[in-house]
Every structure is written in structure tokens, then in C-alpha cells.
Amino acid sequence: MADAAEHRPAEEEEESAAAAEDEDTGAQVAPIVKLEEVAVTTGEEDEDVLLDMKAKLYRFDKDGNQWKERGTGTVKLLKHKETSKVRLVMRQAKTLKICANHLVVATTKMQEHAGSDKSCVWHALDFADGELKEEMFAIRFGSVENCKKFRETVEEIAEQQGKIEETESEEASSAAELVEKLTVTESKEEKNEEKEEAPAADDKKDVKE
């Protein structure tokens, strides 16, 4: 019997060793690498979301004279909290790569895409590739309702931006007129001062004589 115990198969010895390793000894082992949370910024922290929809974006290739798919993902309309400027941003679903990034301005016009009531087309000065480029985009939604909502929202924003630009232009014009009036007034005052100083100089000459 003793010989049988002494000559146990190697497998049983390994199982016993493994069981001993699995026993909780109460010791605490500190992790070798400590991972810290990293704050991820999207550049959208100072903006309010006006619209958020899933869609597929296309860009018109002038050289090939054809539409090319730009990406499928989420299109957003974001309004800046301080400047009130609104930009259109779209990221690809999986990679989050930006495929559209431009301001919605007074001249932004949405048009229905020929032959599809789920799509619309527009021109924009886009910055998605890191430089401003004149682009022609087409976007397709999953339903007619979403497309209509997107188009109407963009058109409404464009109209609001037009009013803001008009107000800013009037304010700038008023400020320019005010500065011009002040300049004219100061110029007249300087001329009057010169006239007053001239006789005084003549009086000094008479005293010397």
C-alpha cells in the first residue's frame, strides 16, 4: 500500500499542486500596471445638440463625376453655447472618423435628391479633412419623416443665422457711422483750437516790438 502511495501517477501530483495553488491564502497581490481613467474630448463639450440622427452620407466626386459613399453613422446639428453658431457634424459609426464638419450659414440650402424622398443634397465649405473645401453632399435617411425633419431644421437654422448676420451687419454699420461722426467732430475741434492759437502768437510779436 505504501508503495502504491509513493508511486502515484504524475497527473495526480499535478492536480494536488494545482489545488494547493487555488487555495485562498489571504495574501493581497497589487496589480503590476495601474490604469488611470483618461478624459476623452470630442470638441462638442461647449455645444448643445439640436438634432441627432442615423444616416448615410455621400460626397460628389467632381473628377469621377459620380457620388461616392462617405460613411454611415450619426449626423448632428450642434449649437455653440456662446457664439450661437450651428455646425453640422457627422461621424462614421465604428471608427468615429469625421466625414462632415461645417457651419450652417445663411446661404445653406437643402434640396431634395432627384428620385428619392429620403435623401437631400446641399453645398458646403467643409473642414472634415483638415482644410476648407467646397463640397457637395447627399444624405440618406431611413425614413421620409427623418429626412423632412433634417431638411426643415437646417433651413430654419439657416434663416436664423441670416437674421443674426443682418443684425451684426447693422450694428457694425452703426458703429462705423458713430466712429466717423466722432472723427469729424474731433477734426473740427482741432481746427478751432488752431484758429484760437494763431491770434495769440501775433499778440506776442506786438509786445516784443
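What you find for A128 and C99 is that their closest heavy atoms are CB-C, 3.8 Å. Nearest heavy-atom pair across A106 and G162 is CB-CA, 3.5 Å. Heavy-atom minimum distance, Q92 versus G71: CG-CA, 4.1 Å.
In this structure, the ring of W67 has its center no less than 6.0 angstrom from the ring center of Y58.
The CD1 atom of I157 sits 11.0 Å away from atom CG of L103, with the distance rounded to the nearest 0.5 Å. From L125, atom CG reaches atom NE2 of H123 across 12.5 Å, with rounding to the nearest 0.5 Å. Rounded to the nearest 0.5 angstrom, F127 CZ and R87 CZ are separated by 10.5 Å. Note: F141 CZ to K118 NZ = 12.5 Å, rounded to the nearest 0.5 Å. For the atom pair T72 OG1 and R91 CZ, the distance stands at 16.0 Å (nearest 0.5 Å).
In this structure a side-chain-to-backbone donor-acceptor pair under 3.5 Å is present from T167 to K163. For Q161 (side chain) and T107 (main-chain N/O), no donor-acceptor pair under 3.5 Å exists by modelled atom type.
Residue pairs meeting the salt bridge (Lys or Arg N to Asp or Glu O under 4.0 Å) criterion with at least one member in residues 120-129, sequence neighbours excluded: R70-D129, D129-K133. Among pairs with a residue in residues 136-153, those fulfilling side chain to side chain donor-acceptor pair (under 3.5 Å) read S116-R140, at least two apart in sequence or across chains. For the salt bridge (Lys or Arg N to Asp or Glu O under 4.0 Å) condition, the pairs that include at least one residue of residues 57-66, sequence neighbours left out, are R59-E135, D61-K68.
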For K81 and D48, run side chain to side chain contact (heavy atoms under 4.5 Å, CB included): C-alpha distance rounded to whole Å, both residues' side-chain angles, the deciding distance at 0.1 Å, then the answer. CA-CA 7 Å; K81 295 176 182 177; D48 293 322; 3.2 Å; yes
Side chain to side chain contact (heavy atoms under 4.5 Å, CB included) between F137 and L88: does it pass, once the steps are laid out? CA-CA 12 Å; F137 290 115; L88 183 152; over 6 Å; no
Taking it one step at a time, do V49 and L77 satisfy side chain to side chain contact (heavy atoms under 4.5 Å, CB included)? CA-CA 6 Å; V49 180; L77 292 173; over 6 Å; no
Run S119 and I139 through side chain to side chain contact (heavy atoms under 4.5 Å, CB included) and show every step you take. CA-CA 5 Å; S119 305; I139 194 167; over 6 Å; no
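No chain of hydrophobic side-chain contacts below 4.5 Å, direct or via other Ile, Leu, Val, Met, Phe, Trp or Tyr residues, connects F150 to V121. Note on V154: it clusters hydrophobically with L50, by side-chain heavy-atom contacts below 4.5 Å among ILVMFWY residues. Using a 4.5 Å cut-off between side-chain heavy atoms of Ile, Leu, Val, Met, Phe, Trp and Tyr, with links allowed through other members, L57 and V75 fall into the same hydrophobic cluster. Using a 4.5 Å cut-off between side-chain heavy atoms of Ile, Leu, Val, Met, Phe, Trp and Tyr, with links allowed through other members, M110 and M53 fall into the same hydrophobic cluster.
In E82, the CD atom is not crowded: 12 or fewer heavy atoms of neighbouring residues, nucleotides or ligands sit closer than 6.0 Å. Counting heavy atoms of neighbouring residues, nucleotides and ligands inside a 6.0 Å radius, atom CD of E165 exceeds 12 of them.
Contact check for K79 versus S84: side-chain heavy atoms found under the 4.5 Å cut-off.
Between T74 and the choices L96, V89, D52, the side chain to side chain contact (heavy atoms under 4.5 Å, CB included) rule is met once, by D52.
Under a 4.0 Å N-O distance rule, the pair K76/E47 does not qualify as a salt bridge.
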